[in-house]
Amino acid sequence: MRPPAVLDIRHITQFLPEAPFNFDATLHKPDHFPAADNIWQPGVRWQTMLWQNQPLGLKFENQGAIAQPEIRLTVWAKDELSRSFLQELRAEINYRYNLLADLTEFNQRFSDDAQLGPAINRWLGMRPFSCNSLYEYLIIAIVLQNATIRRSVQMMQALFEKYGTLLAYDGQELYCFWLPEVITRATEEALRELKVGYRAKSIKRVSEAFSREDINELELRFKPKEDQRAVLLGLYGIGPASVGYILFDVFHHWGELTHISPWEQKIYSKLFFETTPDEPVEVNELLALFEKRFSDYKMLAVHYFWEDLFWRRKYEKLEWLEKLIRL
DNA sequence: CATCAGGGCCCTG
DNA sequence: CAGGGCCCTGAT
């Protein structure tokens with residue numbers, strides 16, 4: 001293992017998220033697989049970030065409360081960072097972590113919903129977030145395809161060790177993502193050695209597309225949802241399931257829910273129809289229910305149910321759920 | 001031991 | 001639009 005790059009330049013800055021804001025439920029998603037680029041503990045998240053070609057070490061600390069939110073962000077870097085760099089970084093973090101998103105309408109509209117209301121109460125101020133760039137999220141999506149959790153974790157770790165940068169800051173050692181060009185220079189065989197299987201081709205071709213700048217993430221943010229979908233589907237190895245996650249997590253379309261995979265179908269069936277896993281409710285019926293009850297907020301609503309479930313799983317064993325999660 | 005479906009997607013017919 | 005193939009792995 002290469003020695004870590006030590007980051008010793010430090011900047012401290014403060015964020016004032018829109019209230020209500022739930023720090024832990026926003027910055028930690030118990031359903032995400034663990035990865036070597038972040039660590040969470042209550043009130044703190046360490047996260048690496050590759051921004052404008054600079055590997056950064058971030059540390060988010062909760063300094064407020066749900067009604068009076070305040071985050072202290074410490075940024076570690078190798079070199080001195082310019083004022084404009086830090087300003088743009090701040091804007092990017094506000095965007096990726098949805099810190100300024102206004103949840104008022106969502107909270108009010110569903111506070112009386114017998115099922116969603118209590119979940120909103122428990123997780124008031126929780127937002128979806130993606131700490132990753134679009135390119136990075138695409139790599140994660142590819143690694144998730146047709147694999148168990150354990151295997152996704154193993155593939156991601158192998159990719160980090162081979163192509164990422166190990167960073168040391170604040171007493172932590174975490175990997176940082178690579179630039180697409182790095183994978184462009186790798187052969188498909190070299191990728192296959194990391195046990196990513198047929199995904200090697202997708203990882204390489206997506207990296208090539210970003211290296212050529214076929215896709216400009218910042219521009220794509222301002223395009224209509226269906227244009228975004230079409231662009232993403234045009235990438236080799238990226239299909240409707242991956243795109244669904246991206247339109248929600250990366251592009252913040254809170255009503256995007258068009259694809260439900262078999263394991264998710266079984267969990268939704270249990271949550272909304274009390275069915276047994278061997279006889280799940282039809283996907284179309286689930287989609288119709290979500291559309292009717294939550295319309296343009298349906299994925300955000302589902303996010304609340306989903307996270308609620310996985311937070312519970314952290315502290316109590318839910319036998320039926322364990323059987324449905326492919327570890 | 002073998003077979004199979006899968007935290008999908010591509011390609012072919 | 002249906003169905004086979006693909007890296008692997010856990011379930012049966």
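Just so it is clear, the values below take in all heavy atoms, side chains as well, and ignore hydrogens, waters and symmetry mates.
- Between A:Trp178 and A:Tyr135, the two ring planes are perpendicular [angle over 60°; tilted spans 30° to 60°].
- Spacing between atom CH2 of A:Trp263 and atom P of B:dG6 amounts to 14 Å, rounded to whole angstrom units.
- We find that CG of A:Asn146 is positioned 12 Å from C1' of B:dC4, with the value rounded to whole Å.
- No close placement of the A:His303 and A:Trp123 rings is indicated, their centers lying 6.0 Å or farther apart.
- Atom OH in A:Tyr198 sits roughly 13 Å away from atom P in C:dT9 (whole-Å rounding).
- Residues from residues 228-244 of chain A that place a heavy atom under 4.0 Å from any atom of DNA chain B, listed by number: A:Leu235, A:Tyr236, A:Gly237, A:Ile238, A:Gly239, A:Pro240, A:Ala241, A:Ser242.
- Criterion: ILVMFWY side-chain heavy atoms under 4.5 Å apart, direct or through other members. Under it, A:Tyr236 and A:Leu144 are not part of a common hydrophobic cluster.
- One atom, CD1 of A:Ile246, and another, C1' of B:dG8, lie 13 Å apart when rounded to the nearest Å.
- Judged by atom type and distance alone, A:Arg192 does not reach the base of C:dC7 through any side-chain donor-acceptor pair under 3.5 Å.
- Nearest-nucleotide positions on DNA chain C place A:Gly197 closer to the 5' end than the other of A:Thr148 and A:Gly197.
- Between C:dC7 and B:dC1, the two P atoms lie 24 Å apart (nearest whole Å).
- Ring centroid separation for the pair A:Phe110 and A:Tyr304 does not come in under the 6.0 Å cut-off.
- Counting only N and O atoms by type, the side chains of A:Gln228 and A:His253 include a donor and acceptor under 3.5 Å apart.
- You'll find the ring centres of A:Tyr95 and A:His252 inside the 6.0 Å limit.
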Response to the item:
Base-pair string, DNA chain B, Watson-Crick plus G-U, cut-off 3.5 Å on both distances, | for inter-strand, is .|||||.||||||
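- With rounding to whole Å, A:Arg151 atom CZ is found 16 Å from C:dA11 atom C1'.
- A residue-by-residue look at A:Gln145 and A:Arg150 shows that A:Gln145 has its nearest nucleotide of DNA chain C further toward the 5' end.
- At distances below 3.5 Å, not a single donor-acceptor pair connects side-chain atoms of A:Tyr169 with backbone N or O atoms of A:Ile9.
- Note: CD1 (A:Ile260) to C1' (B:dG8) measures 16 Å, nearest angstrom.
- Taking for each of A:Arg205 and A:Asp31 the nucleotide of DNA chain B with the nearest heavy atom, the 5'-most of the two is the partner of A:Asp31.
- Residue A:Met155 contributes atom CE, which lies 8 Å from atom C1' of C:dC8 at whole-angstrom precision.
- The main-chain N or O of A:Asn98 is found under 3.5 Å from a side-chain atom of A:Arg127 such that the two form a donor-acceptor pair.
- Per the geometry, CD1 belonging to A:Ile203 stands 14 Å off C1' belonging to B:dC9, to the nearest Å.
- With hydrogens and angles disregarded, a donor-acceptor distance shorter than 3.5 Å links the side chain of A:Ser269 to the backbone of A:Val281.
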